[in-house]
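Here the structure is laid out as structure tokens; the discussion comes afterwards.
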Amino acid sequence: MALDIAVLRQIPVGTADERLFYRTVHLPLSGEPNPLYVSPTTGRWPTGWTLYTATTATVAWAEYCRNHPADVAASDVTGGVGLSTATLPAFAALEVSKSLPRRALYELRFEFEALADLTSPWAEELLLRSGFDLGSFYADAAMGYGDCPELAGLTQQLGWEAIRVPSAAWQHPDGFCAPVFEAGRQRLISIASVLPSASPTVATAVATAYAAGERPAWLGH
């Protein structure tokens, strides 16, 4: 069943001035990283141009871990012993970097005129009424990301420049994902480098929610 766009139009949109979003960026073999690079047809919210950002640096790193579980698995800093509640404090601040390629972290400032916050109770109610399954926010790639790609395909008609949505990787109340669409690209005010080369910490890798069956064993449960 197609999503009901008439219901989706009732979701409030608002301005968001001087908002800061974070993005981890691939380090090229030569030259500077491009924090605005996108892969047109991949990800949970494909629209032709979708910039995947997060409201906090931690969420950005968690998304990186979730999307590269094999590299996290091969970066066991415990030497095969694995983590436990007792040993985690000793390893928490270390970087997971043995096989997980280092990335640059950027802070992007936007001044949106049409940001749709899909995390509010009213927005969630309207999403349900439109036929959107809220579980889609956490659906794996193997499941086609649920209803998210279909909703992404309607964002241009809805006039949404960006959305605030739950993070499948960071299922905690202190951070969200913030996909920015083509309409929001012109709202970019500034780009600042936060870390020229870094990897997520063990603490972040442990707290990340991985797709079913993909959590690296050395992180514990």
Side-chain angles (χ1 to χ4, degrees), residues 21-27 39 42-46 50 52-105 117-121 123-124 127-128 132-149 151 163-179 194-195 197-221:
F21 293 136
Y22 296 88
R23 175 173 173 80
T24 59
V25 182
H26 167 72
L27 295 176
S39 182
T42 61
R44 189 178 298 274
W45 306 98
T50 303
Y52 290 96
T53 72
T55 59
T56 70
T58 300
V59 174
W61 286 123
E63 288 287 333
Y64 184 35
C65 289
R66 179 184 170 92
N67 287 301
H68 298 82
D71 289 339
V72 175
S75 300
D76 184 353
V77 301
T78 70
V81 176
L83 292 171
S84 66
T85 302
T87 61
L88 177 58
F91 290 99
L94 297 181
E95 288 191 351
V96 181
S97 58
K98 179 180 178 181
S99 297
L100 192 67
R102 298 175 70 82
R103 287 196 167 194
L105 179 68
D117 184 352
L118 303 187
T119 68
S120 71
E124 290 181 345
L127 285 170
L128 288 170
F132 182 89
D133 181 355
L134 295 181
S136 297
F137 288 132
Y138 309 99
D140 301 337
M143 301 166 59
Y145 298 116
D147 296 329
C148 293
L151 181 57
I163 54 178
R164 177 197 291 255
V165 293
S167 167
W170 190 254
Q171 297 178 21
H172 307 279
D174 58 346
F176 303 93
C177 284
V194 177
L195 294 170
S197 177
S199 297
T201 63
V202 170
T204 298
V206 168
T208 294
Y210 295 86
E214 294 187 353
R215 183 178 178 84
W218 70 271
L219 296 178
H221 300 286

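Numbers here simply count residues along the sequence, with the first being 1.
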Pair Leu94-Thr201, side-chain contact (heavy atoms from CB on, under 4.5 Å): steps then yes or no
CA-CA 5 Å; Leu94 297 181; Thr201 63; over 6 Å; no
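Heavy-atom minimum distance, Glu63 versus Cys177: OE2-SG, 3.2 Å. Residues Leu27 and Ser197 share a closest heavy-atom pair of CD1-OG, 3.8 Å. Considering all non-hydrogen atoms of both residues, Phe176 and Pro166 come closest at CD2-CA, 4.1 Å. Residues Ser75 and Ser99 come closest through the heavy atom pair OG-N, 2.8 Å. For Tyr22 against Ala57, the heavy-atom pair with the smallest separation is CD1-N, 3.5 Å. Counting all heavy atoms, side chain and backbone alike, Ala178 lies closest to Phe21 at CB-CE2, 3.5 Å.
From Thr78, atom OG1 reaches atom CG of Leu88 across 11.0 Å, with rounding to the nearest 0.5 Å. Here the straight-line distance linking atom CG of Leu151 with atom CG of Leu118 works out to 6.5 Å at 0.5 Å rounding. Between the OG1 atom in Thr58 and the CG atom in Asp174 there is a gap of 7.0 Å [rounded to 0.5 Å]. Atoms OG and CG, from Ser199 and Asp71 in turn, are 10.0 Å apart once rounded to the nearest 0.5 Å. The OG1 atom of Thr208 sits 8.0 Å away from atom CG of Leu219, with the distance rounded to the nearest 0.5 Å. Note that the OG1 atom of Thr85 and the NE2 atom of His221 stand 11.5 Å from one another [nearest 0.5 Å].
Side-chain N or O atoms of Tyr64 include none that pairs as donor or acceptor with a backbone N or O of Leu100 at under 3.5 Å. Side-chain atoms of Thr87 never come within 3.5 Å of backbone atoms of Leu83 as a donor-acceptor pair (strictly under, hydrogens ignored). One N or O on the side chain of Trp218 and one on the backbone of Val72 form a donor-acceptor pair closer than 3.5 Å. The backbone N or O of Ala139 lies less than 3.5 Å from no partner atom in the side chain of Ser136, so there is not a single donor-acceptor pair. No side-chain donor-acceptor contact under 3.5 Å links Arg215 to the backbone of Pro69. Using a distance-only test at 3.5 Å, with no hydrogens or angles considered, a donor-acceptor pair links the side chain of Arg44 to the main chain of Phe137.
Two residues are said to be in side-chain contact when any heavy atoms from C-beta on lie closer than 4.5 Å; Lys98 and Val77 fail this criterion.
Ring-plane geometry between Trp45 and Phe132 is classed as parallel, the angle between the planes falling under 30 degrees on a 0 to 90 degree scale with a further cut at 60.
Looking only at atom types and distance, the side chain of Arg23 has no donor-acceptor partner in the side chain of Thr53 under 3.5 Å away.
Salt-bridge formation is detected for the pair Asp140/Arg66: a Lys NZ or Arg NE/NH1/NH2 atom is positioned less than 4.0 Å from an Asp or Glu carboxylate oxygen.
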